[in-house]
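Single-structure report; data block below.
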Amino acid sequence: MRKAFLVVLALLLTTAPSRAVAGDRVVGRVQSQPITHLEVLAVRSERPDLSYEEALDFFVERKLVLEWARENRITVPDDQVDNVVNSIREENRLSAEQFERALLERGQDLETFRDRIRDQLTTSRAVSAAVAQRVKVEEEEVQSQYRQRYRPRDTYSLSHILFKVDGKTPSETDETVRARALDVLERINTGTPFSTAAMQWSEDTSTSSGGGALGTFTEGELMIELESAVTGLEVGGIKGPVRSSLGYHLVQLTGRQTVEPPSLDSVRDELVQAISREKRNEALDAWIEELREQYFIEIFPD
């Protein structure tokens, strides 16, 4: 549910109705603050992937945060609200009169819109104030993440000769194709250059003209069968026939290089930010649950 709380927050404030509307009704409360049916439907119109219950729970969380902000005297100055409103108006290239008219067409007036912007800013400020003090990144955590994410990686340069196997043909055809691969391997072992054999017998038309060169790959980028085949080879070594979903391969390792990871200092900020985000989400979850225990919540049956 936390994902809905974070994502829907920015959407709600410009879509919910601003005044009592026929057919609306109160579906829940946090302390004395009501949540209406049309407010919940407004969220669902922007996020149809949310169920009604999830959208309602979002509103509960929003009201909880605003109640905490009120008790802790977290406020937003009028000029900050005006700056956001003017920025929205200017981004839509509307004059003040056009902007107010557009709001009225959506069932809102300017003051109600400003109140919702104030709620959004207040919510953001409250979350930052309550959660930031709970998030601390230790050096050992940074080093642990670095070890998990970054390590020396091998790159492989290789060539291959492909002998295709049609999966719809009888099994003896598979053996025939393998026998053909073994015959070419014998020719290579007795003096035919691998590149020459690839140009003459490989059925991979995209690489045969280049002597079978596939290019250079980092660990995890190759087909698993080919990577397993070349992992233990010396440069210049040949392995095969290797079976894959395409057929049989003769594989030659033409180069190997170990790429060292970036230094810890060069990626430290990235790691700290990633750890902070994860801890912030965990802290936000915990804080919201504390607010649920602290404040009165009532959901009315339909």
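From a predicted model like this one, the values you see are computed outputs, not experimental measurements.
Counting heavy atoms from C-beta outward, V30 and F59 have side chains that stay 4.5 Å or more apart. Inter-residue side-chain proximity for F217 and V230 is flagged as unmet; no heavy-atom pair is nearer than 4.5 Å. Within the 4.5 Å cutoff, side-chain heavy atoms of R62 are placed close to those of F58. Proximity of V142 to L264: side-chain heavy atoms (C-beta onward) are separated by under 4.5 Å at one or more points. Contact of the S45 side chain with the L41 side chain is not registered, since no non-hydrogen atoms from C-beta on lie closer than 4.5 Å. M199 is not listed as a side-chain neighbour of S208, based on a closest heavy-atom distance of 4.5 Å or more. Side-chain atoms of Y248 and D174, non-hydrogen and from C-beta on, do get closer than 4.5 Å to each other. Here the side chains of R118 and D78 are in contact, with some heavy-atom distance below 4.5 Å.
Atom CD of Q257 sits about 8.5 Å away from atom OG1 of T216, to the nearest 0.5 Å. R178 contributes atom CZ, which lies 13.5 Å from atom CZ of R180 (distance to the nearest 0.5 angstrom). In this structure, R187 CZ and L182 CG are separated by 12.5 Å, a value rounded to the nearest 0.5 Å. Here the CG atom belonging to N189 is positioned 10.5 Å from the CZ atom belonging to F194, to the nearest 0.5 angstrom. Here CG of D183 is found 7.5 Å from CH2 of W201. Values are rounded to the nearest 0.5 Å. Going from atom CD of Q108 over to atom CZ of R114 covers 13.5 Å, rounded to the nearest 0.5 Å.
One finds a salt bridge joining E67 and R70 here, because a Lys/Arg side-chain nitrogen approaches an Asp/Glu carboxylate oxygen to under 4.0 Å.
Residues L284 and L64 fall within the same hydrophobic cluster, defined by Ile, Leu, Val, Met, Phe, Trp and Tyr side chains chained together at heavy-atom separations under 4.5 Å. Hydrophobic clustering of Ile, Leu, Val, Met, Phe, Trp and Tyr side chains at less than 4.5 Å, counting indirect connections, unites V242 with L214. By the rule that hydrophobic residues join a cluster once side-chain heavy atoms approach within less than 4.5 Å of another member, V43 and I299 end up as members of one cluster. V259 and Y150 fall into different hydrophobic clusters, where Ile, Leu, Val, Met, Phe, Trp and Tyr residues are linked whenever their side-chain heavy atoms come under 4.5 Å apart, directly or through other members. If you chain together hydrophobic residues whose side chains sit under 4.5 Å apart, L66 and I297 never meet in one group.
If you check the side chains of Y295 and Q33, you find no donor sitting under 3.5 Å from an acceptor. Checking R125 against Q80 by side-chain atom types alone, a donor-acceptor pair falls below 3.5 Å. No side-chain donor-acceptor contact under 3.5 Å links Q294 and E290.
Counting only distance, with no hydrogens or angles, the side chain of S124 and the backbone of L121 share no donor-acceptor pair below 3.5 Å. Of the possible polar contacts, one joining the R256 side chain to the L233 backbone as a donor-acceptor pair under 3.5 Å is found. For the pair E270 (side chain) and V267 (backbone), a donor-acceptor distance under 3.5 Å is absent. Of the possible polar contacts, none joining the R151 side chain to the P261 backbone as a donor-acceptor pair under 3.5 Å is found. Side-chain atoms of R153 never come within 3.5 Å of backbone atoms of T218 as a donor-acceptor pair (strictly under, hydrogens ignored). Checking side-chain atoms of D24 against main-chain N and O of H37 turns up a donor-acceptor pair under 3.5 Å. The backbone N or O of D79 lies less than 3.5 Å from a partner atom in the side chain of N83, making a donor-acceptor pair. Using a distance-only test at 3.5 Å, with no hydrogens or angles considered, a donor-acceptor pair links the side chain of T254 to the main chain of S157. For E227 (side chain) and G220 (main-chain N/O), a donor-acceptor pair under 3.5 Å exists by modelled atom type. A donor-acceptor pair under 3.5 Å is absent between the side-chain atoms of S144 and the main chain of E140, judged by distance alone.
Across A197 and V184, no two heavy atoms sit closer than the pair CB-CG1, 4.1 Å. Closest non-hydrogen pair, I188 versus I161, comes out as CD1-CD1, 3.8 Å. Scanning all heavy atoms of the two residues, the minimum distance from R149 to L271 falls at CD-CD2, 3.7 Å. Heavy-atom minimum distance, V60 versus R292: CG1-NH1, 3.9 Å. Of all non-hydrogen atoms in D154 and E219, the two that sit nearest each other are N-OE2, 2.7 Å. Closest approach of P262 to Y146, counting heavy atoms only: O-OH, 2.6 Å.
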_Let's go through K279 and E141 carefully: what are the C-alpha distance in whole Å and the side-chain angles of both, what is the deciding distance for side chain to side chain contact (heavy atoms under 4.5 Å, CB included) to 0.1 Å, and is it a yes or a no?_
CA-CA 11 Å; K279 286 195 164 190; E141 294 175 298; 2.8 Å; yes
_Before you tell me yes or no, could you show the steps for D57 and E61 under side chain to side chain contact (heavy atoms under 4.5 Å, CB included), namely the whole-Å CA-CA distance, both residues' side-chain angles and the distance that decides it to 0.1 Å?_
CA-CA 6 Å; D57 197 49; E61 293 182 352; 3.8 Å; yes
_Check against side chain to side chain contact (heavy atoms under 4.5 Å, CB included), T207 and L162_ = CA-CA 9 Å; T207 65; L162 174 64; over 6 Å; no
*Stepwise side chain to side chain contact (heavy atoms under 4.5 Å, CB included) test for Y156 and L226*: CA-CA 10 Å; Y156 303 99; L226 298 188; over 6 Å; no
*Carefully, step by step, assess D119 and R116 under the rule salt bridge (Lys or Arg N to Asp or Glu O under 4.0 Å).*
CA-CA 5 Å; D119 281 353; R116 292 194 173 111; over 6 Å; no
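The side-chain contact (heavy atoms from CB on, under 4.5 Å) test with W68 is passed by exactly one of V127, I288, I74, T123: I74. Of the options K164, M223, E203, a side-chain contact (heavy atoms from CB on, under 4.5 Å) to L246 is made by M223 and by none of the others.
Counted within 6.0 Å of CD on E139, heavy atoms from surrounding residues, nucleotides or ligands total more than 12; the atom is thus considered enclosed. Heavy-atom neighbours of Q148 CD from other residues, nucleotides or ligands within 6.0 Å: above the threshold of 12.
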